[in-house]
Colleague: 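Encoded as structure tokens, here's the structure I'll be asking about.
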Amino acid sequence: MFASEFEEEQYKLRQDKLKRIQELGVEAGLQPLEATYPNSFRTTHEVPAILREYAEVSGDALEADRVDAAVAGRVMAHRRQGKAGFAVLQANGARLQIYVRKDDVGERAFELYKLLDLGDHIGVSGYLFRTRTGELTLHVRELIFLAKAMLALPDKFHGLTDIELRYRQRYVDLFMDNGEEIEASSSSELSSASALSFRSEAEGCAVQFEPASASEKNPEALAAATPGLKRMPAREVFVKRAQVLKALRTFFDSRGYIEVETPMMQPVAGGAAARPFVTHHNTMDMELYLRIAPELYLKRLVVGGMDRVYEINRNFRNEGISTQHNPEFTMLEFYQAYANYHDLMDLTERLVTFVAMEVNGTTLIDFPLPKGPRLGEMVQIDLGKWERLSMKEAIVKWWPRDAGSPPSEYDYASAVRFTFAMESALDTLARVNRGDLSREYQLSLVDAESSLRAALNDADEEPGYGLEPKRTDGKSAGKAIATLFERLAEQHLVQPTIIYDFPLAVSPLSKAKPDEPDWVERFEFYIGGFEVGNAFSELNDPEDQRRRFEAQLGERERGDDEAHQMDADYVRALAYGLPPTGGEGIGIDRLTMLLTGSRSIRDVILFPLLRPAKKPALEKLEDAPATELEQL
RNA sequence: GGACGCGUAGCUCAACUGGCAGAGCAUUCGACUCUUAAUCGACAGGUUGUAGGUUCGAUUCCUACCGCGUCCA
């Protein structure tokens, strides 16, 4: 528990203080436990409510018509001046100053006041007034000790800036973080006046996070330069996250969708391309997988006549960790019978717009790009303005200028032709004279080259599905096309963009386009340069579904452990008749990142996965001799 | 998995080209009845992530490992 001997000493010191506090309480007639860890304190006001209610009431008015109040909170500042002092109580993310005078609270309570440490919880009652500087303050008459902070708080001005510690000790981060901290990547002068100004408007909170110098700077110069990255306070991020969830439920509930919960532990981990976590049930002696998606269960429900369903819950994917990936993440999935992917495109635009308005009151967000060549750049995104491009159009739009003409329908039709197209594009690219080009341009050429090569590799490995007899080589180029799109276009999709019509090869659960059997009715939408959601017209032909699963099994045998597993029961469910259905999944963590201006998924997950903390120093010392012996 | 960066007091950070490990906050003691990063005075707090190496001398240079971060895959 203790990080150091110093901390242990601190702890003991505070134990002594707690004992002294107990003595004071007992002297006042309390039971020992009531004096140290009382069970309750009756408040008359919540701190945020007081700040809101009396924000406009003058000191004279408060004096003329005295307002009594009892509030409780955590001591976040403690300023003493002899026989009086000011302290700041924080509760529910808002801060109220209190004023304690020995003359008013008496000898014993003032003794208690002097024993307080930062982080302690107290309850106070008294009356409201305004100080000389005009700050709303509670003049304390009675002071009750509620709970002790046995460990010292971080630096009161800087707070916890160590990102690792913020994640590991979120319980500290939540009450310490005021978001004022500036992260590197631009000059401190600029970053002190961020374009983002986060205020707890909902709570009318006294904590204002606007840098004092902001108004003095030239706003035009600020807008021109990349503004610094100012974080929203941790607490506010998670308040917003709750609002996002609430808005989503409002949206679907009002449209007749039923919220359901489907298994998190599944005998077959299906519904997505990802490696699962494996677990074991002892009594039944069976392997189970933590779900990678709820998809197949939700569609079973549509078979069962639940025509509109949605689920908001965790998915688990045994994959890498990055600023956009956490092994467990929250996914919204919804399904609507008798709808197709065109209907879902319209619904998606309305949904995102609605959530933005509910949560932020505007569709405009300032967002620091979390990856790609424009990493860290603050961009303004309008979540109410959408563009739609087919995947093929997107490849054309972002096709490297120096690589000749983009692939045609003819090139897409088979892996052999696609390979040839990539090779000739690479040749064209290689012939560009790079002598007088800027470094930036040269880098973009390198990037283009690696993108084409990645697609080329996929085309080489592309399996033959045998689904399309017209192909001479028996191989599709679907996977390679998807890779090409991702490498060329994804990073540019900053404003909300729907990319529709995906290759069948990468879409084992989607319905094919009637006129183009190699392509499916599927779209993904991108914001801020990353994928936020994925939707399609659901494949509802059991025969076709069985063939696709079998093709995926072939993939798996070839070493692709992300290929979809066979789910015979799902095929059986389809055999009972799934109506034409549109379904969609939306990454809630990523959506929350956008709506809170967060650079990392870890900033919107309360307890992101980290390696276990290193051992306390004392344990380590004891271990040391053993390892030395082993080495000998 | 690869590249780069970081790791110094409880917290936030210094320590120039390798030359006595320092400051602020917090803590402890003292003064102060309108302060707000309160102020003033004093004390205390360190195996510089771990293990090696180079050197008269290592927080600094080198190697490996651990942890975290960022990017790429």
Side-chain angles (χ1 to χ4, degrees), chain A residues 2-14 16-17 59 75-88 95-105 110 113-115 117-119 129-137 139-140 149-169 172-173 176 178 180-185 206-207 212 229 319-325 369-376 446-447 450-451 453-454 457 483 486-487 491 599-600 602-603 608 610-615 617 620-621 623-624 627-628 630-631:
Chain A
F2 297 111
S4 66
E5 285 177 44
F6 178 87
E7 193 169 280
E8 196 168 349
E9 274 171 38
Q10 291 288 306
Y11 197 93
K12 282 176 180 154
L13 246 163
R14 295 204 175 186
D16 293 342
K17 278 188 173 180
V75 178
M76 293 303 287
H78 192 220
R79 300 181 281 273
R80 255 179 47 212
Q81 299 140 271
K83 297 178 184 61
F86 289 89
V88 173
R95 293 180 169 199
L96 175 69
Q97 180 169 264
I98 64 169
Y99 180 48
V100 181
R101 256 179 16 173
K102 189 174 179 178
D103 291 351
D104 296 315
V105 296
F110 198 73
Y113 177 74
K114 287 200 285 190
L115 283 166
D117 286 303
L118 294 184
F129 76 108
R130 285 197 182 272
T131 62
R132 238 171 246 166
T133 54
E135 179 166 349
L136 187 67
T137 303
H139 194 126
V140 176
M150 302 300 287
L151 295 169
L153 265 44
D155 185 296
K156 70 178 172 194
F157 186 61
H158 297 96
L160 266 189
T161 63
D162 185 325
I163 294 176
E164 179 191 351
L165 274 182
R166 287 188 42 232
Y167 297 149
R168 275 194 201 286
Q169 305 189 28
V172 177
D173 188 35
M176 284 302 295
N178 59 17
E180 246 171 333
E181 163 226 343
I182 305 304
E183 301 193 5
S185 108
V207 193
L229 304 177
E319 293 172 344
I321 294 176
S322 80
T323 44
Q324 291 106 57
H325 300 86
L369 294 180
K371 63 174 186 179
R374 292 162 70 193
L375 170 82
V446 171
D447 189 51
S450 83
S451 301
R453 271 194 204 292
N457 281 340
T483 299
E486 272 173 37
R487 296 294 302 257
Q491 59 184 334
R599 314 172 61 198
S600 167
R602 290 179 165 196
D603 290 324
L610 300 170
R611 283 206 169 70
K614 48 188 169 185
K615 293 179 190 174
K620 205 176 257 170
L621 285 176
D623 282 356
T627 37
E628 272 176 27
E630 275 170 33
Q631 282 166 359

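Everything numeric here is computed off the predicted structure, so don't read it as measured data.
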Colleague: Taking atom types as they are modelled, is there a donor-acceptor pair under 3.5 Å from the base of rU35(B) to the side chain of Q97(A)?
Modeller: yes
Colleague: Looking across every strand, which nucleic acid part, if any, lies under 4.0 Å from T323(A) by heavy atom: base, sugar-phosphate, or nothing?
Modeller: sugar-phosphate
Colleague: Kindly say if K83(A) contacts the phosphate of rA31(B), meaning a side-chain N or O under 4.0 Å from OP1 or OP2.
Modeller: no
Colleague: T137(A) and side-chain contact (heavy atoms from CB on, under 4.5 Å): which partner among T131(A), V88(A), L96(A)?
Modeller: T131(A)
Colleague: Quick check: on RNA chain B, is the nucleotide nearest Y99(A) upstream (toward 5') of the one nearest V88(A), or the reverse? Name the residue that is more 5'.
Modeller: Y99(A)
Colleague: Using heavy-atom distances to pick each residue's nearest nucleotide on RNA chain B, tell me which of Y167(A) and D103(A) is more 5'.
Modeller: D103(A)
Colleague: Residues two or more places apart in sequence or in another chain: which of them pass side chain to side chain contact (heavy atoms under 4.5 Å, CB included) with E319(A)?
Modeller: A274(A), R317(A), E562(A)
Colleague: For rA38(B), does OP1 or OP2 lie under 4.0 Å from any side-chain N or O of R79(A)?
Modeller: yes
Colleague: For the P atoms, the ones on rA3(B) and on rC65(B), what distance do you get once it is rounded to whole angstrom?
Modeller: 11 Å
Colleague: Who are the salt bridge (charged side-chain N to carboxylate O under 4.0 Å, His left out) partners of K83(A), not counting sequence neighbours?
Modeller: none
Colleague: Do R79(A) and Q97(A) make a side-chain contact, defined as non-hydrogen atoms from C-beta onward lying under 4.5 Å apart?
Modeller: yes
Colleague: Taking CZ from F129(A) and P from rU35(B), how many angstroms apart are they, rounded to a whole number?
Modeller: 11 Å
Colleague: Between H78(A) (side chain only) and Y113(A) (backbone N and O only), is there a donor and an acceptor less than 3.5 Å apart?
Modeller: yes
Colleague: Within the structure, does a side-chain N or O atom of R130(A) lie under 4.0 Å from either OP1 or OP2 of rC34(B)?
Modeller: no
Colleague: Please report, rounded to the nearest Å, how far the P atom of rC72(B) is from the CG atom of L369(A).
Modeller: 12 Å
Colleague: For RNA chain B, produce a single dot-bracket line, 5' to 3'. Pairs: Watson-Crick or G-U wobble, both distances under 3.5 Å. Symbols: ( ) within strand, [ ] crossing, | other strand, . unpaired.
Modeller: (((((((..((((.....[..))))..((((.......))))......(((((..]....)))))))))))).
